[in-house]
Structure formats: structure tokens, C-alpha cells
Amino acid sequence: MRYRAGGRLEAVMVVIAPSLLLCTIRAMTTTTLLIPTYQHMLQTLSGLLDKAEQQMPDRAEALLAARLATDMFPLAAQVRFAAFQAQEAVFRLRGERVPGWLEAIAAEGRNAGDTCGSIADARKRIDSALSFLADVSDGAVDFSCDLPIAIELPGGIIFDMTCEQYARDWALPQFYFHVITAYAILRNQGVAIGKADYVPHMFAYLRPVRMAN
């Protein structure tokens, strides 16, 4: 309704596009937040390795041992940690134990300073994680906020969180840390990459340019 001068009310029809209506009634869930994020950024990681191989075919394998600082894990570890984090969250948010095969990937990352493996090995970890995520069903990690999650680290450090805190404060930040560290290692080693290589999925949202008549 719209108020007009003179005290008269006038009916006004408002037409809402179906796509906008869908956006107003479809709430973001943990599944729709985490799973596409992991998929996009693992695809980014794969693309970064592609760039390294294309630009430095003679050095690409050696780049897996590169680090940003001497007390940081090498590129090979960052790839494995990212693959681990993306899959770990699914199990934890479903209230399930992290399986041994997934813990083995984290162990590979911790030992990557001694055994870096190959680019093919690193890509296999990414591809396996993407295949796993593709099979995650709708709503699979939509949580009950009372679900307790404990993260145990070396040295007896334990973080106790709700599933909401875990998703927000651990699962996403830890995953992004390893992806951006991998990016930074490659950039520091001279691979010509930029922001477009870090977020290539954004081009799906690019507004078409309208040519002037």
C-alpha cells in the first residue's frame, strides 16, 4: 500500500523476480557454505600446480620442497593439509571419527619435509578430496549446535568447541591458511600468478559487459 496526499491509500503491485525471491527464502547452511568453498579452493590449488608445471617444467618438482620460512612446512605439506582439512570437517560435523586413511594424509603432510613426493602425488590428494566432496549429500554437515568437537594438537593442547565454533573458527580459517600459504610459496618462487588465479571461480559471477549502441 502507498499513502497519497489527501489521506487516500493506493494499492501498489510489486513484482519480485523469482531468482530474488529464492535468495530471500533459502538460508545458507553449513553444507552450502563449506562444501562449495572447499571445492572452489581445491580447484584453485590444482590450477596453481598447473601454472607451476607450465612455467617451470624443470623446477616444478623441486618447488614441492620450497618453504616461506625455514620453520614452516613446505609446499607438499600445504597441499596435503588443505586436502585433509576439507575432508576432516565433514566427518567432525557429522559426529564421526576421522578415519585412519584421512589421518594418514595429515601424517604425509607432517613428514613432507623429508618426503615431498611428486606433483602427481600432490594432485592425486587434491583430486581424491574433490571426489569425496562431490559425494557429500545436501544437508550432510548441517549441525546441531550442541554437538561438542575437540581438536587435539601435539603437546597436549586441546580445543573444545561447539560445531558452530568449529566451522567458523577452525574449519574454514585452517583450510584457507594452507591454500594461501601454497599460493605464497609459488609466488615467492617466481611463478607468475595473481588474484585471478586464486579466485578463478569468481568469473562465474562476472556481469556481462553491455556494448554501447
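Computed over heavy atoms, backbone and side chain alike; hydrogens, waters and symmetry mates excluded.
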Checklist entry - Relative to the ring of Phe81, is the ring of His178 parallel (under 30°), tilted (30 to 60°) or perpendicular (over 60°)? => result tilted
Item to check | Result of checking Trp170, Tyr38, Phe84 against Phe175 for ring-ring contact (aromatic ring centres under 6.0 Å, His included) | outcome: Tyr38
Checklist entry - Does the gap between the ring centers of Phe91 and Phe132 come in under 6.0 Å? => result yes
Checklist entry - Between atom CE of Met28 and atom CG of Asp142, what is the distance when rounded to the nearest 0.5 Å? => result 11.5 Å
Checklist entry - Hey, quick one: are Ile158 and Met161 part of the same hydrophobic cluster, counting side-chain heavy atoms closer than 4.5 Å, chains of contacts allowed? => result no
Item to check | Thr181 side chain reached by Phe73 side chain, heavy atoms, under 4.5 Å | outcome: no
Checklist outcome for this item: The reported gap from OH in Tyr198 to CD1 in Ile180 (rounded to nearest 0.5 angstrom) is 4.0 Å
Checklist entry - With a 4.5 Å heavy-atom cut-off, do Leu172 and Arg168 have their side chains touching? => result no
Next on the checklist: Rounded to the nearest 0.5 Å, what separates atom CZ in Arg125 from atom CD in Glu108?
Outcome noted: 4.0 Å
Checklist outcome for this item: Separation between CD1 (Ile149) and CD (Glu164), nearest 0.5 Å, reads 11.0 Å
Checklist entry - Would a 4.5 Å heavy-atom cut-off, applied to side chains only, mark Leu42 and Leu133 as touching? => result yes
Checklist entry - To the nearest 0.5 Å, what is the distance between OG1 (Thr44) and OH (Tyr183)? => result 10.5 Å
